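Since we're looking at a predicted model, the values are computed, not measured.
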Protein chains: 2
Amino acid sequence: MSDTTEKEQQPRRRQARGERRIAQLLAAAAQVFCTTGYTAASTNAIAREAGVSPGTLYQFFPNKEAIAVELGDRLMHEMREAYGEALAPVDPATPLEEAIGSAVDRFMAFNTDHPVFFALMHGPDIPGRMAEAHDQLHTTVTGRIEALLGSLMPDAAPADVGRTARVCLGVYKAGLELVLAHEGAERAAYTQETKDVLIRYLEPLVGDRLGRA
Amino acid sequence: MSDTTEKEQQPRRRQARGERRIAQLLAAAAQVFCTTGYTAASTNAIAREAGVSPGTLYQFFPNKEAIAVELGDRLMHEMREAYGEALAPVDPATPLEEAIGSAVDRFMAFNTDHPVFFALMHGPDIPGRMAEAHDQLHTTVTGRIEALLGSLMPDAAPADVGRTARVCLGVYKAGLELVLAHEGAERAAYTQETKDVLIRYLEPLVGDRLGRA
DNA sequence: GACAAACACGAGAGATCGCTCGCGTTTCAC
DNA sequence: GTGAAACGCGAGCGATCTCTCGTGTTTGTC
């Protein structure tokens with residue numbers, strides 16, 4: 001109480017070696033989570049994959065869930081850093097096709113670069129804290145899409161806009177699953193299909209707005 | 001070898017009581033699988049839900065996986081019985097909208113009536129035999145959609161038709177997830193949105209074929 | 001009524017997993 | 001150099017889960 005420390009924070013001083021181990025463990029965890037999913041992934045397997053003992057793993061993470069949470073946090077941070085408010089620039093000058101195309105490309109690229117992100121967000125086995133993060137991200141993204149749609153179709157009921165936004169996100173997720181299941185040219189083709197589905201779904205809704213031809 | 005039995009079949013004679021227990025256990029398993037998923041569902045929990053002892057459960061099922069497999073088989077059978085070759089009647093006289101609408105309605109109705117079907121097919125935690133069944137169903141359904149699409153767009157490359165079919169199935173699954181997450185009027189609205197996505201996606205592909213206006 | 005087979009029970013064997021603990025090693029400030 | 005703290009190890013504790021087994025009960029056949 002009288003100490004200078006706020007309330008719950010005595011974050012043991014980390015050495016450079018420790019930071020390296022943490023990165024190593026998170027990389028190993030990503031690998032294991034990708035191949036077996038969160039629940040089936042054992043902490044011993046993660047430690048083995050990282051080449052350290054189980055005890056060492058628990059030197060840096062209080063429990064299994066904390067590994068997934070930290071991994072999720074770092075991915076979120078990297079996502080924000082890479083794309084910032086990628087969905088925010090509603091730039092009314094951009095045609096619908098181009099807006100959807102670049103948004104899909106950006107998110108597809110991120111998810112194919114970090115397949116563990118999909119593994120952590122998609123499983124029905126995700127832990128409590130992870131589910132919160134998932135819901136928060138879901139809400140945020142849905143909100144962004146809602147805002148974007150709201151500016152494109154100003155005379156639609158808010159409930160309809162929200163539903164449309166959720167449908168768009170669902171379609172994107174379905175496309176992502178197909179994209180992740182294929183490689184090379186086939187993968188590119190599914191990316192294009194995903195864009196087409198979204199464009200054709202939204203075109204009639206936004207009306208003649210920006211829809212050139 | 002010399003017996004009249006073929007090779008591997010001595011299916012212990014079941015009494016009526018046994019058949020009742022099996023149905024009871026499968027219903028309990030469906031309940032538990034729906035709420036906790038396959039992996040997290042414990043056989044003891046299923047037995048408790050059914051009001052019997054763990055030993056009794058293993059009197060009728062050799063292991064946990066067999067419960068899911070039997071449940072899946074019965075659902076498949078019920079599906080075929082209820083809708084037969086629902087996707088087969090490509091009836092070229094039916095407009096695209098109507099064909100998609102009735103197909104989506106039928107499958108949505110089945111899945112909302114049997115939510116465990118989605119739970120068993122969707123989880124990344126499904127066991128080996130279940131994954132086989134999932135893949136088989138996936139292949140069958142995709143094939144049906146391919147056949148239907150092939151007759152609507154006869155001058156398209158087979159690879160493109162296959163891809164389009166997989167996209168349609170993915171879109172349907174995404175819609176199903178949204179439908180299962182809502183109720184009442186909202187659920188109906190998401191069903192309609194799913195149809196719209198599919199119709200608008202396919203309309204340009206099948207060209208002026210049957211597209212009245 | 002008598003016998004066999006199917007049904008039912010529940011304690012617990014065997015295996016796995018998350019996580020801990022005691023002890024030895026490395027790093028760093030002074 | 002020296003002491004303290006961070007790092008590292010791996011056997012194993014406790015909890016949980018799947019599945020078994022010995023025993024007792026119910027059902028069907030003669």
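For residues 61-71 of chain B, the set of pairs meeting the salt bridge (charged side-chain N to carboxylate O under 4.0 Å, His left out) definition, not counting sequence neighbours, comprises B/Glu70-B/Arg74. Note on residues 158-176 of chain B: pairs passing salt bridge (charged side-chain N to carboxylate O under 4.0 Å, His left out), not counting sequence neighbours, are A/Glu186-B/Arg163, B/Asp160-B/Arg163. Pairs engaging residues 28-41 of chain A under the side-chain hydrogen bond (donor to acceptor under 3.5 Å, both in side chains) rule: A/Thr39-A/Asp125 [sequence neighbours left out].
With a cutoff of under 4.0 Å to any heavy atom of chain B, the contacted region of DNA chain D is bounded 5' to 3' by D/dT18 to D/dT27.
Of the possible donor and acceptor atoms, none in the side chain of B/Tyr172 sits under 3.5 Å from a partner among the backbone N and O of B/Thr194. Listed for the B/Arg187 side chain is a donor-acceptor partner under 3.5 Å among the backbone atoms of B/Val179.
Among residues two or more places apart in sequence or in another chain, the ring-ring contact (aromatic ring centres under 6.0 Å, His included) test is passed with B/His182 by B/Tyr190. Qualifying side chain to side chain contact (heavy atoms under 4.5 Å, CB included) partners for A/Gln59, counting only residues two or more places apart in sequence or in other chains: A/Arg12. Remark: B/His138 pairs with no residue by the ring-ring contact (aromatic ring centres under 6.0 Å, His included) rule, at least two apart or across chains. Applying the salt bridge (Lys or Arg N to Asp or Glu O under 4.0 Å) rule to A/Asp73 yields no partners; only residues at least two apart in sequence or on another chain are considered. Residues forming a side chain to side chain donor-acceptor pair (under 3.5 Å) with B/Thr164 (at least two apart in sequence, or on another chain): none.
Counting heavy atoms of neighbouring residues, nucleotides and ligands inside a 6.0 Å radius, atom CD of A/Gln136 does not exceed 12 of them.
Remark: B/Ala41 in residues 26-41 of chain B come within less than 4.0 Å of DNA chain D through at least one heavy atom. Contact check of residues 15-25 of chain B against DNA chain C (heavy atom, cut-off under 4.0 Å) returns B/Gln15, B/Arg17, B/Gly18, B/Arg21. Taking a 4.0 Å limit (strictly below) on heavy-atom distances, residues 48-64 of chain A reaches DNA chain D at A/Val52, A/Ser53, A/Gly55, A/Thr56, A/Gln59, A/Phe60.
Ring pair A/Tyr201/B/Tyr201: centre-to-centre distance not below 6.0 Å.
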